[in-house]
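What follows is one structure encoded as structure tokens, with my remarks underneath.
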Amino acid sequence: VVSVGDSLTQGVGASDDQDGYIPYLSAYLETNRGIKDAVFSNYGVRGNRTSDLLNRLQDDQIIRDIERADAVVITIGGNDIMTVVKEKFTNLTMADFLTASFTYKERVEKILNTIRQYNQEAEIYFVGLYNPFGKWMSAFSELDIIMEDWNEIGLEVTKRDSNAYFIRIDDIFSASTENLLYKEDYFHP
């Protein structure tokens, strides 16, 4: 399994200095009778945006690993949204996110197409976005709408590939009564 993307793949905020979701997914896969050993390549980099991931998908080692992969897991997009927030913070509008969403969609399409060029058979799992500010800062309540719009983009793009799947995670955060965010930054799970 090749995991690519941002800090969620890298494992920022993970308990016990683990690599985020990867040890949990590995253990889960190994409970399957047909899987003896789940081997992961972790190419998550904190701060990566879709443009960064597109560039990194040209790396020879990443290409080799994707070519041999049974599955590719992608976490990307949160930093694209945060870039809009940082660049337009003093005069932020919903239109800014709409404009950025067009570029986001193009890049997500290119990411999936690039992976498909390297491997026609692998399952692709595209992990959705969540609003880390929803419970703590009502001023960012519009981010729920933005996250939903951007999640729809991920869903739409993955639906075009019969072996690609969109994984919603926003409902986990909105439905939980406990804090699921890393206590040091209240941003990462």
Does a side-chain heavy-atom distance below 4.5 Å link Ile124 with Asn119? no

Can you list the steps and then say if Asp37 with Glu30 is a side chain to side chain contact (heavy atoms under 4.5 Å, CB included)? CA-CA 6 Å; Asp37 188 26; Glu30 290 172 358; 3.2 Å; yes

So do Ile145 and Met94 actually touch side chain to side chain, heavy atoms under 4.5 Å? yes

In the structure I gave you, are the side-chain heavy atoms of Gln120 and Asn163 within less than 4.5 Å of one another anywhere? no

Taking the side chain as C-beta and beyond, is there a heavy-atom pair between Thr75 and Phe126 under 4.5 Å? no

Heavy-atom side-chain proximity of Glu156 to Lys105 below 4.5 angstrom: yes

Side chain to side chain donor-acceptor pair (under 3.5 Å) contacts in which one or both residues fall within residues 62-73, not counting sequence neighbours: Ser41-Asp65, Tyr43-Asp65, Gln61-Arg64, Gln61-Asp65, Asp65-Arg68

Can a donor-acceptor pair be found, under 3.5 Å and without considering hydrogens, that links the side chain of Asn151 to the backbone of Leu129? yes

Could you report the tightest heavy-atom contact between Ala69 and Ala122, atom names first, then the distance? O-CB, 3.6 Å

Is a side-chain N or O of Asp6 found less than 3.5 angstrom from the main chain of Arg46, in a donor-acceptor match? no

Which other residues end up in the same hydrophobic cluster as Leu98, if Ile, Leu, Val, Met, Phe, Trp and Tyr are linked when side-chain heavy atoms come under 4.5 Å apart? Phe102

Distance (rounded to the nearest 0.5 Å) between Tyr165 OH and Leu155 CG: 13.5 Å

Where is the tightest heavy-atom contact between Thr83 and Arg49, given as atom of each residue plus distance? OG1-CD, 3.0 Å

With no hydrogens and no angle check, is any side-chain donor or acceptor of Thr99 less than 3.5 Å from a backbone partner on Ala95? yes

Mind running side chain to side chain contact (heavy atoms under 4.5 Å, CB included) on Leu29 and Val1 for me, showing each step along the way? CA-CA 11 Å; Leu29 290 173; Val1 178; 4.3 Å; yes

Rounded to the nearest 0.5 Å, the CD1 atom of Ile153 sits from the CZ atom of Phe166 at a distance of 10.0 Å

Check this for me: does any side-chain nitrogen of one of Glu152 and Lys159 sit under 4.0 Å from a carboxylate oxygen of the other? no

Determine, stepwise, if the pair Val45 / Asp52 fulfils side chain to side chain contact (heavy atoms under 4.5 Å, CB included). CA-CA 9 Å; Val45 176; Asp52 300 312; over 6 Å; no

Do side-chain atoms of Tyr118 reach the backbone of Asn113 as a donor and acceptor pair under 3.5 angstrom? no

Does the side chain of Tyr125 come within less than 4.5 Å of Ile74's, by heavy atoms? no

Qualifying salt bridge (charged side-chain N to carboxylate O under 4.0 Å, His left out) pairs with a residue from residues 114-124, counting only residues at least two apart or across chains: Arg116-Asp161

Atom of Arg56, atom of Gly5 and distance for their closest heavy-atom approach: NH1-O, 3.7 Å

Check whether any side-chain heavy atom of Ser3 lies under 4.5 Å from a side-chain heavy atom of Ile22, and answer yes or no. yes

What I'd like to find out is whether the side chain of Leu57 reaches to under 4.5 Å of the side chain of Ile62, using heavy atoms alone. yes

Could you check Val73 against Val2 for side chain to side chain contact (heavy atoms under 4.5 Å, CB included), going step by step and ending with a plain yes or no? CA-CA 6 Å; Val73 181; Val2 174; over 6 Å; no

For Asp80 and Tyr104, indicate whether the former's side chain and the latter's backbone hold a donor-acceptor pair under 3.5 Å. no

Here the gap from Glu109 atom CD to Arg160 atom CZ, rounded to the nearest 0.5 Å, amounts to 4.5 Å

Does one hydrophobic cluster hold both Leu25 and Ile35, with members joined at side-chain heavy-atom distances below 4.5 Å? yes

Find the distance between CG (Leu53) and CD1 (Ile115) and round it off to the nearest 0.5 Å. 6.5 Å

